Amino acid sequence: MQGWHKIKKYLVADLSQTQNPNAPFALRPLKNDEDAGLLNGQEPASMPQIKPLLGDNGPLAMTSTLEQNINWLKGHFSYPQNSGLVFRPFVIEQTGAVVQGMIVHLESQVDSQHLNQFVIHPLINAKLTEDQPLSVDTLKTHIVTDCHLTSTSYFGEIVHEILNSSAAILIDGLDTAILADVKGGEKRGLESPKTENVVRGPQVGFTEDMQTNLSLLRGRLSTSDLIVESGVVGTVSQTAVSIVYLKSITNAELVNEVRRRIAAVRIDYIGDSGMLEQLIEDKPYSIYPGMLSTERPDHTAAQIADGYVAILVNNSPFALIVPTQFPLFLQTAEDRYLRWQYSSFLRIIRAIGFLMSLYLPAVYVAIANFHHEMIPTTLVLAIAGTRESIPLPVAAEAFLLESMFELIREAGVRIPSVIGPTIGIVGALILGQAAVQANIVSPIMVIVTAATALASYTIPNYNMQFTTRILRFVYLAFASFMGLIGIVLLSIILWTSWMSVNRFGVPSLAPLTPHPKNENTLLRGPLQKPLARPFSVRPQRSKKKPDGQDGVPEQGGEN
């Protein structure tokens with residue numbers, strides 16, 4: 001039994017509640033809020049923020065002279081070489097005098113109509129009396145009242161807000177700038193998801209605008225427990241990043257770990273959530289996807305309600321769900337809206353499709369080359385008859401057809417969308433039929449390849465499709481040399497390595513292994529039954545029903 005303890009960590013993921021402060025990050029149930037973020041000896045992390053522009057005496061601050069402030073902004077933005085910066089002067093009338101002011105913003109980044117109506121017109125029409133001193137509070141409460149305003153005295157924050165489509169209001173005599181939220185620019189409207197279509201359920205997907213995406217989530221989770229923490233990643237791109245979770249449900253240690261990893265990112269440009277995913281995942285060299293990406297707000301909200309953390313990146317229509325386990329890649333948002341019998345049936349179909357996509361060509365090659373005794377005699381004769389005039393070995397046929405299909409699939413994605421489906425269908429039909437008539441490949445191999453392609457499309461997650469497409473060729477190579485023995489040996493290696501990896505402290509194959517009771521994995525039970533949140537993410541509240549409604553007392557972190 002001593003040998004078992006040595007290999008146990010590779011076969012069964014560790015969910016022990018170790019109290020070793022030097023142990024690797026692993027989720028544990030939290031008994032109270034005092035433990036949040038303090039486990040493993042870690043202080044609570046925070047989301048990365050904009051670094052201030054530093055001067056001789058700390059953060060660079062404004063002066064009370066309008067001309068000096070304008071000259072600094074012109075120099076910082078390389079004006080007039082940088083023609084996108086707009087300076088709009090105005091004056092405010094005060095008893096016996098006028099006060100000079102300037103509005104600074106980027107061209108085409110603000111809503112001009114909104115800026116003119118709610119900011120510029122109130123300013124130029126304002127008439128202050130002697131008992132109304134010109135101050136930031138006066139401007140906010142008596143002049144510009146129909147626009148969201150903030151104020152700051154530091155140039156770093158002013159520059160950041162201007163770059164993010166705000167207008168800066170500078171007044172002579174004031175060392176504080178007022179920032180008006182008048183965001184404009186072109187935005188894509190709400191549309192149906194492109195990669196996660198459903199028959200029953202909401203027909204709206206995320207867009208590239210983070211505030212729109214957050215509003216979609218807030219509309220589905222109307223509770224004060226919904227926490228949105230925002231930060232900035234990328235020294236050049238200054239990309240806004242937000243993490244979304246439920247304070248009373250999500251494990252606080254998980255939230256702290258997500259913050260810590262995002263704050264540790266050191267890169268100059270983040271263009272999409274896919275880049276951030278690669279920078280914060282556990283195993284960058286692993287072929288298996290480390291996070292679940294989705295463009296559906298309803299799917300994201302449901303995962304947040306289960307105790308997961310969602311990561312939103314500005315300019316990206318995909319949200320990241322962490323941590324992620326293997327069963328989530330075979331589930332869709334539609335599963336929740338269908339009767340439990342229907343959704344269970346669909347999940348079984350997807351599981352079969354996943355296995356077929358991974359193993360079917362390799363198993364056929366292994367049996368046809370090494371294990372004829374496993375095939376009925378009539379089928380052996382039928383296969384031999386179709387291969388009588390084929391000059392290529394079975395393995396070469398499989399590699400040839402799989403490679404052709406990958407070429408057709410990639411070509412169908414890259415060419416114009418109008419003719420893309422036509423090229424895919426016609427190309428596959430013509431090439432397949434011509435290859436069979438030319439006696440290059442056998443008809444049964446065409447059937448196997450087509451069935452494998454159909455099975456791969458049952459996998460809902462795009463990243464998991466890539467995993468099966470790549471591993472399919474690896475399994476084919478092993479089957480070509482060692483038959484079923486090679487497939488079994490490779491399966492043991494790959495599944496064991498996948499099983500031994502933790503993602504954000506959660507086993508990758510949970511809840512398949514280790515397997516607690518009442519988990520929603522392959523089969524889904526009726527909604528009337530007492531439902532539990534995933535045990536693997538250690539939520540603070542394990543039951544989905546309030547106390548007293550299912551006869552089971554609520555216990556945080558236990559299942």
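This structure is a prediction, so every number in the text was calculated from the model and none was measured.
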- request: Could you give me the CA-CA distance, side-chain angles and deciding distance for Phe504 and Val537, then say whether side chain to side chain contact (heavy atoms under 4.5 Å, CB included) is met?
  value: CA-CA 9 Å; Phe504 283 83; Val537 298; over 6 Å; no

- request: Nearest 0.5 Å please: distance from the CG atom of Leu174 over to the CG atom of Leu134.
  value: 5.0 Å

task: Answer whether the closest heavy-atom distance between the side chains of Lys183 and Asp111 falls below 4.5 Å.
output: no

- prompt: Does Ser166 reach the main-chain N or O of Ile162 with its side chain, forming a donor-acceptor pair under 3.5 Å?
  reply: no

task: Would you check if the side chain of Asp181 reaches a backbone N or O of His148 as a donor-acceptor pair within less than 3.5 Å?
output: no

field: Donor-acceptor under 3.5 Å (Glu196 side chain, Glu295 main chain)
entry: yes

message: Could you tell me if the side chain of Leu163 sits less than 4.5 Å from the side chain of Phe77, heavy atoms only?
response: yes

query: Are Ile227 and Ile243 side-chain neighbours, meaning at least one heavy-atom pair lies under 4.5 Å?
result: no

- request: Verify whether one side chain among Arg541 and Ser248 offers a donor that lies under 3.5 Å from an acceptor in the other.
  value: yes

query: Is there a donor-acceptor contact under 3.5 Å from the side chain of Glu334 to the main chain of Val199?
result: yes

- prompt: With distance as the sole test, does Asp335 use its side chain to make a donor-acceptor pair with the main-chain N or O of Thr332 at under 3.5 Å?
  reply: yes

Candidate pair Lys140 and Val136, rule side chain to side chain contact (heavy atoms under 4.5 Å, CB included), full reasoning: CA-CA 6 Å; Lys140 286 183 177 181; Val136 173; 3.8 Å; yes

message: For a side chain to side chain donor-acceptor pair (under 3.5 Å) check, start with the C-alpha distance between Arg296 and Asn197, then their side-chain angles and the critical distance, and finish with the verdict.
response: CA-CA 9 Å; Arg296 296 193 61 89; Asn197 295 322; over 6 Å; no

field: Heavy-atom side-chain proximity of Ser112 to Leu115 below 4.5 angstrom
entry: no

field: Pro48 side chain reached by Ile262 side chain, heavy atoms, under 4.5 Å
entry: yes

- prompt: Would Ser151 and Thr176 count as having a side-chain donor-acceptor pair, cut-off 3.5 Å?
  reply: no

query: What orientation do Trp498 and Phe326 show, parallel under 30°, tilted 30 to 60°, or perpendicular over 60°?
result: perpendicular

query: Hey, mind stepping through Leu320 and Val309 against side chain to side chain contact (heavy atoms under 4.5 Å, CB included) and telling me if it holds?
result: CA-CA 8 Å; Leu320 301 176; Val309 177; over 6 Å; no

message: Can you list everything that forms a salt bridge (charged side-chain N to carboxylate O under 4.0 Å, His left out) with Arg336? Sequence neighbours excluded, please.
response: none

query: Say you draw a straight line from NE2 of His76 to CG of Asn82; how long is it, rounded to the nearest 0.5 Å?
result: 10.5 Å

message: Has Asp225 got a side-chain atom pairing as donor or acceptor with Lys247's backbone, closer than 3.5 angstrom?
response: no

message: If only side-chain N and O atoms count, and only distance matters, is there a donor-acceptor pair under 3.5 Å linking Thr63 with Asn69?
response: yes

- request: State, yes or no, whether a side-chain contact exists between Gln540 and Ile249 at a heavy-atom distance under 4.5 Å.
  value: no

Straight-line distance of Asp172 CG to Ser64 OG, nearest 0.5 Å: 7.5 Å

Glu410: salt bridge (charged side-chain N to carboxylate O under 4.0 Å, His left out) partners, not counting sequence neighbours: Arg414

- request: Give, for atom CD1 of Ile103 and atom CD1 of Ile120, the distance between the pair rounded to the nearest 0.5 Å.
  value: 4.5 Å

task: For Glu67, look at atom CD and say whether over 12 heavy atoms of other residues, nucleotides or ligands are found less than 6.0 Å away.
output: no

statement: In terms of heavy-atom contacts, Met47 and Ser230 come closest through CB-O, 3.6 Å

- prompt: Hey, does Thr239 have a side-chain heavy atom less than 4.5 Å from the side chain of Val313?
  reply: yes

Least distance between heavy atoms, Ile304 atom then Tyr245 atom: CG2-CA, 4.0 Å

task: Examine the side chains of Ser135 and Thr138 and answer whether a donor and an acceptor come within less than 3.5 Å of each other.
output: yes

message: Using a 3.5 Å distance criterion without hydrogens, assess whether the side chain of Gln203 forms a donor-acceptor pair with backbone atoms of Val198.
response: yes

Return all side-chain donor-acceptor pairs below 3.5 angstrom for residues 263-275, not counting sequence neighbours, or 'none' if the list is empty.
{"residue": "Arg266", "atom": "NH1", "partner": "Ala263", "partner atom": "O", "Å": "2.7"}
{"residue": "Asp272", "atom": "OD1", "partner": "Ser316", "partner atom": "OG", "Å": "2.9"}
{"residue": "Asp272", "atom": "OD2", "partner": "Gly274", "partner atom": "N", "Å": "2.9"}
{"residue": "Ser273", "atom": "OG", "partner": "Ser316", "partner atom": "OG", "Å": "3.0"}
{"residue": "Ser273", "atom": "OG", "partner": "Phe318", "partner atom": "O", "Å": "3.3"}

- prompt: Can Leu312 and Val228 be said to form a side chain to side chain contact (heavy atoms under 4.5 Å, CB included), step by step?
  reply: CA-CA 10 Å; Leu312 301 180; Val228 178; over 6 Å; no

Under 3.5 Å, side-chain donor or acceptor atoms of residues 286-293 against the rest of the protein: list the pairs with distances, not counting sequence neighbours.
{"residue": "Ser286", "atom": "OG", "partner": "Tyr288", "partner atom": "N", "Å": "3.2"}
{"residue": "Ser286", "atom": "OG", "partner": "Arg503", "partner atom": "NH2", "Å": "3.4"}
{"residue": "Tyr288", "atom": "OH", "partner": "Leu494", "partner atom": "O", "Å": "3.2"}

- prompt: Which one of Glu253, Arg259, Glu257 satisfies the side-chain contact (heavy atoms from CB on, under 4.5 Å) criterion with Val255?
  reply: Arg259

Heavy-atom pair of closest approach, residues Ala180 and Cys147: CB-SG, 4.0 Å

- prompt: Which atom pair, heavy atoms only, marks the closest approach of Val159 to Leu53?
  reply: CG2-CD1, 4.5 Å

- line: In this structure, NZ of Lys194 is separated from OH of Tyr462 (nearest 0.5 Å) by 15.5 Å

- request: Compare every heavy atom of Leu254 with every heavy atom of Val322, then report the nearest pair and how far apart it is.
  value: O-CD2, 4.2 Å

- request: Quick one: list whatever passes salt bridge (charged side-chain N to carboxylate O under 4.0 Å, His left out) with Asp282, sequence neighbours left out.
  value: Arg261

message: With a 3.5 Å distance limit and no angle check, can you tell me whether Thr207 reaches the backbone of Asp209 through a side-chain donor-acceptor pair?
response: yes

Check: Ala305 main-chain N/O paired with Arg533 side-chain donor or acceptor under 3.5 Å: yes

statement: Glu107 and Ser83 have their tightest heavy-atom pair at OE1-O, 3.9 Å

- prompt: In Å, rounded to the nearest 0.5 Å, how long is the span from OG1 of Thr300 to CG of Leu216?
  reply: 9.5 Å

field: Residue pairs fulfilling ring-ring contact (aromatic ring centres under 6.0 Å, His included) with at least one residue in residues 98-144, sequence neighbours excluded
entry: His114-Phe118

query: Within the side chain of Gln331, is there an N or O that forms a donor-acceptor pair under 3.5 Å with the backbone of Phe329?
result: no

- prompt: Any side-chain heavy atom of Asn213 within less than 4.5 Å of one from Leu217?
  reply: no

